[in-house]
Amino acid sequence: MARAEAWLEAERDQLALWVPVALGTGIAAWFGLPEPRLWILFLTVSLGLGGVALAAGMRGRFVRAVAIFLLGAGIGCGLAWERAREVAAPKLARPMIGMVSGQIVEVDPLPARGKIRLVVALDPAPGLPPRTRINLDQQGAPTGLLPGARIAAKVRLEAPPPPPLPGAYDFAEVAWFQGIGATGKAMGPVKVTAPAPPGGGFMRWLAGRQLALTGHIEHQLAGSEGGVAAAFVTGDVGAISEDDNNAFRRSGLAHLLSISGLHVTAVVAATMFLVLRILALWPRLALRANLLLIAAAAGALAGIAYTLLSGAQVPTVRSCVAALLVLGGIALGREAMTLRMVAAGALIVLLFRPEALVGPSFQLSFAAVTAIIAFHEHPKIRALLLKRDEGLGRKLLRELVGLLATGLLVEAALAPIAVYHFHRAGFYGALANIVAIPLTTFVIMPLEALALLADMAGVGAPFWWLTGKGLWFLLWIARTVAALPGAVTSLPSMPLAAFLLMAAGGLWIALWRTRMRRLGVIPFAIGLTWALLTPPPDLLITGDGQHLAVRTPDGALHLLRPRAKDYVRQQFSEGSGVQATALDLDALPGAICSRDVCVASLRRGGRDWHLIATRTPYRLDLKQFQEVCAWADSAISDRWLPRSCVPRWLKLDKDELGQTGGVAIALGRASVRTVNGDDQHPWVVRRVSSPRPQARIGGN
């Protein structure tokens with residue numbers, strides 16, 4: 001205990017950094033634990049033990065720190081639970097087609113896809129949720145689609161879909177916290193029954209200005225150049241083509257398209273620079289007023305306005321809060337870019353939006369900033385990069401080494417998060433960012449700002465031309481890096497426990513300052529080893545049972561239905577860690593397929609595994625099907641299989657998949673992962689078994 005007290009005494013300046021970590025631990029516990037009994041147990045243990053430790057440890061720093069951490073974890077769990085209850089809204093019970101009407105809440109143009117996405121507050125009707133998201137074709141869309149307008153349309157709606165496979169993107173969870181109870185597509189023309197009323201409040205006016213500004217920018221610059229330019233100003237990425245979106249992701253430059261710290265910092269810094277230079281021209285004011293304080297106030301106003309104009313999304317709000325804290329530090333004459341600033345920003349976001357913790361945006365941005373500041377706060381790194389009186393060549397070399405080292409560190413810090421959420425990791429992102437970030441910050445964004453200002457006088461064309469050239473170069477970097485061999489490596493889904501171990505190890509290394517920080521290597525190494533040794537799944541089955549993929553040991557992917565759409569193929573590719581083009585199951589050695597059914601023998605784990613999967617809903621011979629079921633280890637179908645079909649291991653038909661959701665199976669270890677598992681979070685919906693209709697297998 002004496003050693004622990006001495007260690008925490010040496011780390012006393014770092015203890016406050018663990019307050020948001022404690023809060024995040026409780027939030028992660030609520031999202032990670034599957035059922036209310038475990039949430040209550042976590043709350044009871046953390047708050048109970050924390051209270052006891054706090055009462056017993058008033059004289060000791062170690063016990064007091066443990067107590068505060070436990071209490072913070074309990075508060076975080078309670079915050080997440082309460083937030084999920086607060087945003088609860090009815091969900092659509094079953095798919096439907098019909099006429100709906102309501103008021104537009106949000107408009108999201110997606111010109112690169114030829115779509116417009118609306119969030120609509122529906123008029124009350126039996127069985128309909130209060131809010132839905134509707135996609136419609138841009139071609140033929142009526143004018144007047146603005147927030148506040150009323151529309152009527154024939155639509156096909158369904159509940160927000162769960163992840164198709166374990167580890168995939170969970171839109172049902174995201175929709176729950178956005179209050180969206182259904183999603184779908186317009187089946188015919190959409191009619192604007194009432195235009196948006198005048199006025200409507202500041203936020204509605206701001207949304208209209210945002211749409212108008214996006215349209216203006218995309219009119220000035222065509223194609224993806226206009227889409228990227230709009231993304232820098234309003235956050236709208238709808239005009240960027242899918243190929244270019246993929247290029248930004250593969251090259252490690254996707255963060256440039258999300259308005260966050262880089263963009264807010266550029267706006268605030270540019271505002272402060274201009275205000276300082278302009279006010280310095282007035283000698284009387286410069287001698288009597290604190291120009292830095294005035295410039296900081298102007299920068300704060302510019303940052304807030306930019307955040308509101310770009311839609312006030314969570315990453316932008318988070319970055320704006322961080323920028324305001326930095327400006328507050330400048331106003332107080334203190335060092336602003338510290339881990340305390342990062343911790344304060346994280347704490348504010350988690351208190352008001354605890355669900356942000358489990359999203360990749362929060363994790364990526366805070367991991368990057370934490371890694372950068374922790375790296376530059378290290379005494380040896382600070383000494384290496386300290387500005388000094390030296391020649392231009394050595395100065396440029398030192399700056400280049402610092403940029404490259406920082407970029408490599410950020411790539412290493414973000415790799416586990418990218419692999420966990422997106423099942424891929426890049427290798428050239430650090431090099432691409434060394435060029436792309438200065439190009440964006442010091443060339444493209446200032447030119448675009450000048451172009452928008454010049455448009456007020458009708459002379460913006462030269463500036464738009466220069467902006468377009470800069471954007472062309474940025475897109476060229478993204479496309480070139482994305483096309484390099486080995487630019488991206490796909491990896492299968494990572495176990496949650498392995499990801500949490502790596503996150504805990506990384507935080508331990510980043511937030512402590514004494515030699516104890518080195519202990520963080522242990523959980524990080526364990527998590528990394530666990531993730532790398534986790535075998536990829538051999539079988540992947542979507543939750544509706546229609547699609548099955550078999551992964552061979554050489555990395556090939558074979559699909560049950562060769563006509564599967566690109567979205568399904570992408571999900572299988574990400575879930576299995578395979579980038580190759582998927583093949584037909586008929587081409588799998590050991591597989592025999594007819595039009596209606598496939599059987600296959602797979603050699604895994606030193607034994608043969610037998611599989612049967614149906615392809616169509618057509619009638620099959622019952623006696624033969626029963627014989628094949630008895631031979632098979634697994635039977636998979638998107639319809640009800642007869643009770644007489646009894647495989648030796650797994651039977652996944654319409655009923656069973658309605659309970660489990662998508663399934664990933666590693667045959668070598670005979671392990672089965674499901675989307676739903678025992679999860680009882682409010683957005684998880686299990687299909688209720690209904691009376692079986694007359695089966696189409698032998699009439700039974």
Side-chain angles (χ1 to χ4, degrees), residues 31 79-110 115-136 141-142 144-163 169-197 199-208 210-211 311-314 317 352-356 358-359 679-688:
F31 279 94
L79 278 174
W81 196 348
E82 174 58 23
R83 173 68 177 164
R85 187 202 62 79
E86 176 190 349
V87 300
K91 295 173 64 174
L92 192 67
R94 58 181 59 85
M96 61 152 285
I97 297 177
M99 292 293 300
V100 298
S101 60
Q103 187 176 54
I104 298 175
V105 178
E106 297 177 16
V107 181
D108 185 12
L110 305 172
K115 304 286 184 184
I116 298 176
R117 180 175 293 162
L118 306 176
V119 176
V120 181
L122 298 178
D123 295 334
L128 283 180
R131 179 177 286 203
T132 186
R133 195 180 77 175
I134 300 172
N135 292 329
L136 62 146
L145 291 176
L146 297 171
R150 292 187 56 81
I151 63 168
K154 182 179 181 181
V155 297
R156 184 188 187 281
L157 296 177
E158 61 181 10
Y169 175 69
D170 190 352
F171 178 69
E173 177 184 329
V174 175
W176 179 268
F177 286 99
Q178 293 178 351
I180 295 175
T183 181
K185 187 178 188 304
M187 304 292 290
V190 175
K191 296 181 180 179
V192 177
T193 58
F202 174 72
M203 295 308 295
R204 183 177 295 174
W205 173 85
L206 192 63
Q210 182 184 6
L211 286 172
Q313 300 298 319
V314 172
V317 173
F352 292 97
R353 291 291 184 270
E355 70 274 12
V358 297
D679 199 346
Q680 296 181 26
H681 285 92
W683 54 83
V684 176
V685 176
R686 288 174 171 81
R687 198 163 51 231
V688 179

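Just so you know, these numbers use all the heavy atoms, side chains as well, and skip hydrogens, waters and symmetry mates.
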Student: Which pair of non-hydrogen atoms, one from Pro90 and one from Pro130, has the smallest distance, and what is that distance?
Tutor: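 Looking at all heavy atoms of both residues, the shortest contact is CD-CD, 3.7 Å.
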Student: Could you list all the side chain to side chain donor-acceptor pair (under 3.5 Å) pairs where at least one residue sits in residues 175-191, not counting sequence neighbours?
Tutor: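 Those involving residues 175-191 do not exist here.
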Student: Flag the pair Leu128 / Leu157 as yes when at least one side-chain heavy-atom distance between them is below 4.5 Å, and no otherwise.
Tutor: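 In short, these two side chains touch, coming nearer than 4.5 Å.
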Student: For residues 87-96, which residue pairs qualify under salt bridge (charged side-chain N to carboxylate O under 4.0 Å, His left out), counting only residues two or more places apart or in two chains?
Tutor: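 Passing the test, one end in residues 87-96: no pairs.
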Student: I'd like to check the side-chain hydrogen bond (donor to acceptor under 3.5 Å, both in side chains) partners of Lys115; sequence neighbours left out, ordered by chain and number.
Tutor: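 Partners of Lys115 by the side-chain hydrogen bond (donor to acceptor under 3.5 Å, both in side chains) criterion, ordered by chain and then number, come out as Asp137.
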Student: How far apart are the closest heavy atoms of Val190 and Pro142, and which atoms are they?
Tutor: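 Shortest heavy-atom contact: O-CG, 3.1 Å.
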Student: What I'd like to find out is whether the side chain of Val174 reaches to under 4.5 Å of the side chain of Pro160, using heavy atoms alone.
Tutor: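 Side chain of Val174 against side chain of Pro160, heavy atoms only: no contact under 4.5 Å found.
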Student: Identify, with sequence neighbours excluded, every residue that meets side-chain contact (heavy atoms from CB on, under 4.5 Å) alongside Ala141.
Tutor: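 Counting only residues at least two positions away or on another chain, Ala141 forms a side-chain contact (heavy atoms from CB on, under 4.5 Å) with Ile116, Leu136, Leu145.
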Student: Of all heavy-atom pairs between Ala152 and Thr193, which one has the smallest distance, and what is that distance?
Tutor: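 Looking at all heavy atoms of both residues, the shortest contact is CB-CG2, 3.9 Å.
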Student: According to side-chain hydrogen bond (donor to acceptor under 3.5 Å, both in side chains), who are the partners of Glu355, at least two apart in sequence or on a separate chain?
Tutor: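 Scan of Glu355 (side-chain hydrogen bond (donor to acceptor under 3.5 Å, both in side chains), adjacent residues dropped) gives Arg83.
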Student: Would you compute the distance between atom CD1 of Ile151 and atom CD1 of Ile104 and round it to the nearest 0.5 angstrom?
Tutor: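 Separation between the atoms: 5.0 Å.
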Student: So which atom in Gly148 and which in Pro197 form the shortest heavy-atom distance, rounded to 0.1 Å?
Tutor: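 Scanning both residues completely, I find the closest heavy atoms to be O-CD, 3.5 Å.
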Student: Any idea which heavy atoms bring Val107 and Pro109 closest together, and the distance?
Tutor: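 What the structure gives for the nearest pair is O-CD, 3.7 Å.
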Student: Just jot down the side-chain contact (heavy atoms from CB on, under 4.5 Å) partners of Glu173, sequence neighbours excluded, or say none.
Tutor: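 Per chain and number, Glu173 pairs via side-chain contact (heavy atoms from CB on, under 4.5 Å) with Phe31, Asp170, Phe177, Val358, Trp683.
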Student: Please name the pair of heavy atoms, one in Ala186 and one in Val155, separated by the smallest distance, quoted to 0.1 Å.
Tutor: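 Residues Ala186 and Val155, closest heavy atoms: CA-CG1, 3.9 Å.
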Student: Quick one: side chains of residues 117-124, donor-acceptor pairs under 3.5 Å with protein atoms, not counting sequence neighbours, listed by atom name and distance.
Tutor:
{"from": "Arg117", "atom 1": "NE", "to": "Asn135", "atom 2": "OD1", "distance (Å)": "3.2"}
{"from": "Asp123", "atom 1": "OD1", "to": "Arg150", "atom 2": "NH1", "distance (Å)": "3.3"}
{"from": "Asp123", "atom 1": "OD1", "to": "Arg150", "atom 2": "NH2", "distance (Å)": "3.1"}
{"from": "Asp123", "atom 1": "OD2", "to": "Ser101", "atom 2": "OG", "distance (Å)": "2.6"}
{"from": "Asp123", "atom 1": "OD2", "to": "Arg150", "atom 2": "NH2", "distance (Å)": "2.5"}

Student: With Glu82, which residues qualify under side-chain hydrogen bond (donor to acceptor under 3.5 Å, both in side chains), at least two apart?
Tutor: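 With sequence neighbours excluded, Glu82 shows a side-chain hydrogen bond (donor to acceptor under 3.5 Å, both in side chains) to Arg85, given in chain and number order.
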Student: Of all residues at least two apart in sequence or in a different chain, which pass the side-chain contact (heavy atoms from CB on, under 4.5 Å) check with Lys154?
Tutor: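 Ile97, Met99, Met187.
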Student: Taking only residues two or more places apart in sequence or in another chain, which ones pass side-chain contact (heavy atoms from CB on, under 4.5 Å) with Pro189?
Tutor: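 None.
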